[in-house]
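Each remark here refers to the structure printed beneath this line.
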Amino acid sequence: NVGLTHVRNITDREHQIFRCVFEEDVGIDANIEICHPGGEPSGFVVGVQVKSGESYIRGETDSTFTFYADPEDIQYWLSYVLPVYLVVYRPDTDVAYWLDVKEACGGGRFEDMLVGATPHKLVFNKSNIFSEAFFAHVLRTADIEQRRLYNEFLATGFADKVDSTGPTLPFHLRRLISKLDSATAAAL
């Protein structure tokens, strides 16, 4: 709980929205809704799994350390609907580090772990300290995702087979619009 408290304190200090998940030792520890500068909620929520203690840190160098994960945990994090960030907290130094699980396991890396081609390890960059920079990073990631959805909508909206003269939008366009945040949808 000391690591989760550390993450909550920083999240509160940075005027983000912290929601603890009250199931012990199952899945995700908390959800964080990222707020725009000025405190307005963005609607972009991430899952956070927090581990505390030196036992989670292996193969440490000046710039990295390795976290060995159970394949079942990684599979759960990858299947989670929200982006998932793994946070490792060091009580001795009162510092927490974060890792984007889906990014770290992308490109077939997780599949390689499952078949034993690579070890079940995640490498943390020590420059990724859980601090105000974390929220700026996640918000940029959310903005990139919104731009991708916006571009997908535009590409679909101007496809040859779409009749845009009718009074209602085709279902697949309504579904794409529903994924956009309100500001991006309004811009359309």
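We number each residue from 1, following the sequence as shown. Computed from a predicted structure; not experimentally measured.
Note on Ile32: it does not cluster hydrophobically with Ile17, by side-chain heavy-atom contacts below 4.5 Å among ILVMFWY residues.
Rounding to the nearest 0.5 Å places CD of Gln49 at 4.0 Å from CG of Asp29. Rounded to the nearest 0.5 Å, atoms CZ (Phe135) and CD (Gln16) are 5.0 Å apart. With values rounded to the nearest 0.5 angstrom, Cys105 atom SG is found 4.5 Å from Ile74 atom CD1. Rounding to the nearest 0.5 angstrom, the gap separating the CG atom in Leu122 from the CG atom in Leu86 is 6.5 Å.
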**Report entry** Audit row: Val46, Asn31, side-chain contact (heavy atoms from CB on, under 4.5 Å) steps and yes/no
**Finding:** CA-CA 6 Å; Val46 300; Asn31 292 319; over 6 Å; no
Requested in this report: In sequence, state the C-alpha distance, the side-chain angles, and the governing distance for Leu78 and Lys102, and then conclude on side-chain contact (heavy atoms from CB on, under 4.5 Å).
Outcome: CA-CA 6 Å; Leu78 292 176; Lys102 292 181 182 186; 3.8 Å; yes
**Report entry** Evaluation steps, side-chain contact (heavy atoms from CB on, under 4.5 Å), between Tyr97 and Val87
**Finding:** CA-CA 5 Å; Tyr97 302 94; Val87 176; over 6 Å; no
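Looking at Lys126, its side chain never comes within 3.5 Å of a backbone N or O of Glu60 through a donor-acceptor pair. Ser52 places no side-chain N or O within donor-acceptor distance of the main-chain N or O of Val2, the cut-off being under 3.5 Å. Side chain of Asn125 to main chain of Ser127: a donor-acceptor pair is present (N/O by atom type, distance under 3.5 Å, no hydrogens or angles). Of the possible polar contacts, none joining the Lys51 side chain to the Ile57 backbone as a donor-acceptor pair under 3.5 Å is found.
In this structure, Tyr89 and Gly3 approach most closely via the heavy-atom pair CD2-CA, 3.5 Å. Shortest non-hydrogen contact noted between Cys35 and Pro41 is SG-CA, 3.9 Å. Looking at every heavy atom in both residues, Ala104 comes nearest to Leu99 through CB-CD2, 3.8 Å. When all heavy atoms are compared, the tightest approach of Gly47 to Ile28 is CA-CG2, 3.8 Å. Scanning both residues, Val123 and Thr66, for their nearest heavy atoms gives CG2-OG1, 4.1 Å.
By the 30° and 60° cut-offs, the orientation of the rings of His137 relative to Tyr85 is perpendicular. Using the six-membered ring where Trp is involved, Trp77 and Phe67 have ring planes that are tilted, between 30° and 60° apart.
Considering only heavy atoms from C-beta on, Ile129 stays 4.5 Å or farther from Phe134 through its side chain. Contact check for Cys20 versus Leu4: side-chain heavy atoms found under the 4.5 Å cut-off. Side-chain atoms of Phe44 and Glu33, non-hydrogen and from C-beta on, never get closer than 4.5 Å to each other.
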Would you be so kind as to tabulate the donor-acceptor pairs closer than 3.5 Å made by side chains of residues 6-15, with sequence neighbours excluded?
from: His6; atom 1: ND1; to: Asp94; atom 2: OD1; distance (Å): 3.2
from: Asn9; atom 1: ND2; to: Thr5; atom 2: O; distance (Å): 3.4
from: Thr11; atom 1: OG1; to: Val7; atom 2: O; distance (Å): 2.7

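The neighbour count for Glu103 CD, taken as heavy atoms of other residues, nucleotides or ligands under 6.0 Å away, does not exceed 12.
Ring centroid separation for the pair Trp98 and Phe130 does not come in under the 6.0 Å cut-off.
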